[in-house]
Amino acid sequence: MKDPRQEAAVPAPIDRLPWVGTTIFTVMSALATQHRAINLGQGFPDFDCDPALQQAVADAMRAGHNQYAAMPGVLPLRERIAAKTAALYGHRYDVEREVTVTAGATQAIMAAVVALCGPGDEVIVLEPCYDSYQPSIDLAGATAVRVPLDAARNYAVDWDRVRAAITPKTRLLMVNFPHNPTGQVLEAADLAALESIVQGTGIIVLSDEVYEHIVFDGREHQGIARSPLLASRSVLVSSFGKTFHATGWKVGYACAPAALSAMIRKVHQFMVFSVSTPMQHALAAYLDDPRPWRELPAFYQRKRDRFCAALAGSRFRLLPSNGTYFVLADYSAISGDAEDVFARQLVERHGVAAIPVSAFYREPFDNRVVGGGGAGGGRTRAVEGGGGGGGW
Ligand SMILES: Cc1ncc(COP(=O)(O)O)c(C=O)c1O
């Protein structure tokens, strides 16, 4: 007789992402809970989104917007996205063919990378980078070419290194500004450098701009839609999660020239088909008022300033953060320990969870720098509670 346990044996799966384990965010959040720590290592606010936005969802549901949305997104939302992008950055995407609503920026990135790259293609990523980029490239069967940001120049892009990394196989160049986790933003000169690198090549740019509205000190976000040349060969990805304090809604979008959007939509269609209908209608209605995103820079800048002021007397050397939720802190005056060791000590002994920046690199890299979930609510609580730095 057959052993029933054998019959029930699970066939050995093929591991498409063999290097992926538990992310540092999960590890640090678990430690933060265990040690009742202030969690600066999370990528979301700990305050709620606008009740008016929540009401708009209820209104949309009551109005009967509860069945599948159109595959590229509901028309009113695509119209608002196109209008907002045109008003802010000057490039008008075609609502019918060039704007696709996705399940957050993460799905837009995955759909774009899988649609636009394949085996034999190289994809340039700037490290440190958001953790979904590498898996997207791996699942597409393409090869990541990692170019480090210049840690000695506060993580600015070294465009000469980017240029040097380009080969005839380069298919995609992925950028993310304002940048997670360094808080760096692009200047107009950076856009010009990017233009000169891709002009006359077949390279597509994927620009992850989820923090487009979290830019400080009077700066203006330098997105790729400001450049006609870049807009004509780029996928612009953004998300309402960061802009409207609603990361759990997972609604984002990809804007790209029609030929690229057509390919992205083919993948999107069979990845999720469409995104939550009432959420889309609610966001469309809420986007009629520009104040929520126009007020965002000042809102987060106050939090950044408060956080940085509280740490000013400590031995942490704070790196300038020009945007995003995040602030990096150099702790080399405090400890010679590696970033993951230091981050663990920080949470276990001092009740503050931060993220080692080394976690944003594929290969080992250690700069004695940890990142705090910067301008999120956790940061404010850290300041109010006198935590984060007082003991150093
Ligand atoms: C740089 C960057 N890109 C994309 C995302 C994901 O955005 P979404 O939640 O809309 O998928 C995040 C979230 O933290 C991010 O920091």
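Since the model is a prediction, treat every value here as computed from it, not as a measurement. Counting starts at 1 for both ligands and their atoms, in listed order.
- Defined by atom type and a distance below 3.5 Å, a donor-acceptor pair is present between the side-chain atoms of Asp337 and Gln345.
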List the atom pairs, with distances to 0.1 Å, where a side-chain N or O of residues 67-81 and a protein N or O form a donor-acceptor pair under 3.5 Å, not counting sequence neighbours.
| from | atom 1 | to | atom 2 | distance (Å) |
| --- | --- | --- | --- | --- |
| Arg78 | NE | Gly73 | O | 2.8 |
| Arg78 | NH1 | Val95 | O | 2.9 |
| Arg78 | NH2 | Gly73 | O | 3.0 |
| Arg80 | NE | Ala284 | O | 3.4 |
| Arg80 | NE | Asp288 | OD1 | 2.7 |
| Arg80 | NH1 | Pro76 | O | 3.1 |
| Arg80 | NH2 | Asp288 | OD1 | 3.4 |

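- Between His179 and Phe360, the gap from one ring centroid to the other reaches at least 6.0 Å.
- For His221 and Tyr89, the ring centers sit closer than 6.0 Å to each other.
- Within 4.0 Å of ligand 1, contacts by protein heavy atoms are made from Gly104, Ala105, Thr106, Tyr130, Asn176, Asn180, Asp208, Val210, Tyr211, Ser239, Lys242, Lys250.
- Counting all heavy atoms, side chain and backbone alike, Ile137 lies closest to Ala144 at CG2-N, 3.7 Å.
- No donor-acceptor distance shorter than 3.5 angstrom exists from the side chain of Gln134 to the backbone of Val125, with no hydrogens or angles considered.
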